[in-house]
Amino acid sequence: MNYLLAFAFFVGIYHVRTADDFDLPDYMHQCDLDSKVFQKCVREEIEKSLPHFTKGIPKLGVASIDPVDLDDILIDGNGLKLKFTNAQLHGLSKMKLSDFEVEFADDNEKFNLALVANLSLTAKYNADGKILILPIKGDGDALIKCKNVEVEIASKLSHVKGDSGEHFKLTVPNYKYKIQSTNFDLKNLFNGNKQLADTTIQFANQNWEQLMDELAPPVIKQIVKTIVKTINKFFSKITINRMVKGYKKSS
Ligand SMILES: *[C@@H]1O[C@H](CO)[C@@H](O)[C@H](O)[C@H]1NC(C)=O
């Protein structure tokens with residue numbers, strides 16, 4: 001028993017000392033680069049792992065991304081001042097992989113993935129001005145629901161040397177997004193004047209695309225940053241050799 005404890009302690013220390021050499025979580029498996037189905041293997045591993053991965057891996061210091069605390073969002077222009085504070089994004093743990101490509105060409109290693117999810121944003125809002133033609137004024141709770149938000153992230157795959165071997169790192173990510181539809185619910189508009197509020201909300205929902213042209217970019221930017229940061233945290237803890245069998249870097 002004491003030996004077991006001592007061993008557990010030793011293993012614990014060992015892991016702290018070489019903090020970049022963890023095993024894959026049990027729901028993930030290594031893919032073989034020499035196999036014909038390598039792409040498919042990685043894709044399936046990602047699909048299978050997403051629901052777990054997005055909830056965090058405490059052992060690796062990988063934080064949950066559902067919910068995500070967002071920085072304040074401020075829209076100020078075209079006659080509208082709209083601010084969201086205490087914003088949180090919900091739903092990333094249910095995201096699905098809609099496209100995936102990994103490439104290990106010598107001079108061009110890339111990692112592209114497209115993710116789709118139904119997302120909702122909760123926040124305190126403060127609005128004053130006009131949305132398009134209708135006045136809007138108020139502050140209170142906001143709930144914004146977006147259906148099928150698809151984000152395509154294209155990254156270069158760089159390498160970082162750790163104590164235990166090489167690690168992947170996503171760098172220079174480019175991204176684009178599309179949203180199928182959006183529904184706004186802003187409580188306490190016009191000091192609770194329901195008639196005015198309903199008219200404005202209805203109008204906002206009919207013109208969601210114009211509103212989202214302003215609102216979505218700062219949110220999507222934070223989503224991409226969070227996802228890339230989370231994947232890189234994971235990569236920094238697990239060597240390439242533990243993820244990819246038969247991987248040889250030529251340079
Ligand atoms: C989003 O919700 C709709 C139902 O409103 C569903 O059909 C769709 O599959 C969901 N999308 C995702 C990515 O889960």
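Each residue takes its place number in the sequence, starting with 1. Numbering of ligands and ligand atoms starts at 1, following listing order.
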Exercise. Any idea which atoms of ligand 1 are less than 4.0 Å away from a heavy-atom of Val116?
Worked result: 13 (C)

Exercise. Taking the side chain as C-beta and beyond, is there a heavy-atom pair between Val149 and Ile220 under 4.5 Å?
Worked result: yes

For this session: Mind telling me whether Phe234 and Phe53 have parallel, tilted or perpendicular rings, with 30° and 60° as the class edges?
Result: perpendicular

Exercise. Does the protein put a heavy atom under 4.0 Å from atom 7 (O) of ligand 1?
Worked result: no

Exercise. Does Lys147 come within less than 4.0 angstrom of ligand 1, counting non-hydrogen atoms of the residue?
Worked result: yes

For this session: Look at Asp128 together with Lys137 and state whether they make a salt bridge at an N to O cut-off of under 4.0 Å.
Result: yes

For this session: Report the distance from atom CZ of Arg242 to atom CG of Asp20, rounding to the nearest 0.5 Å.
Result: 9.5 Å

For this session: Could you tell me if the ring centre of Phe168 sits under 6.0 Å from that of Tyr247?
Result: yes

For this session: If you have a sec, work out which protein heavy atom is nearest atom 14 (O) of ligand 1 and how many Å separate them, to one decimal?
Result: Lys96 NZ, 3.0 Å

Exercise. So which protein heavy atom does atom 10 (C) of ligand 1 come closest to, and at what separation?
Worked result: Asn118 ND2, 2.5 Å

For this session: For atom 11 (N) of ligand 1, grab the closest protein heavy atom and report residue, atom and distance to one decimal in Å.
Result: Asn148 OD1, 2.8 Å

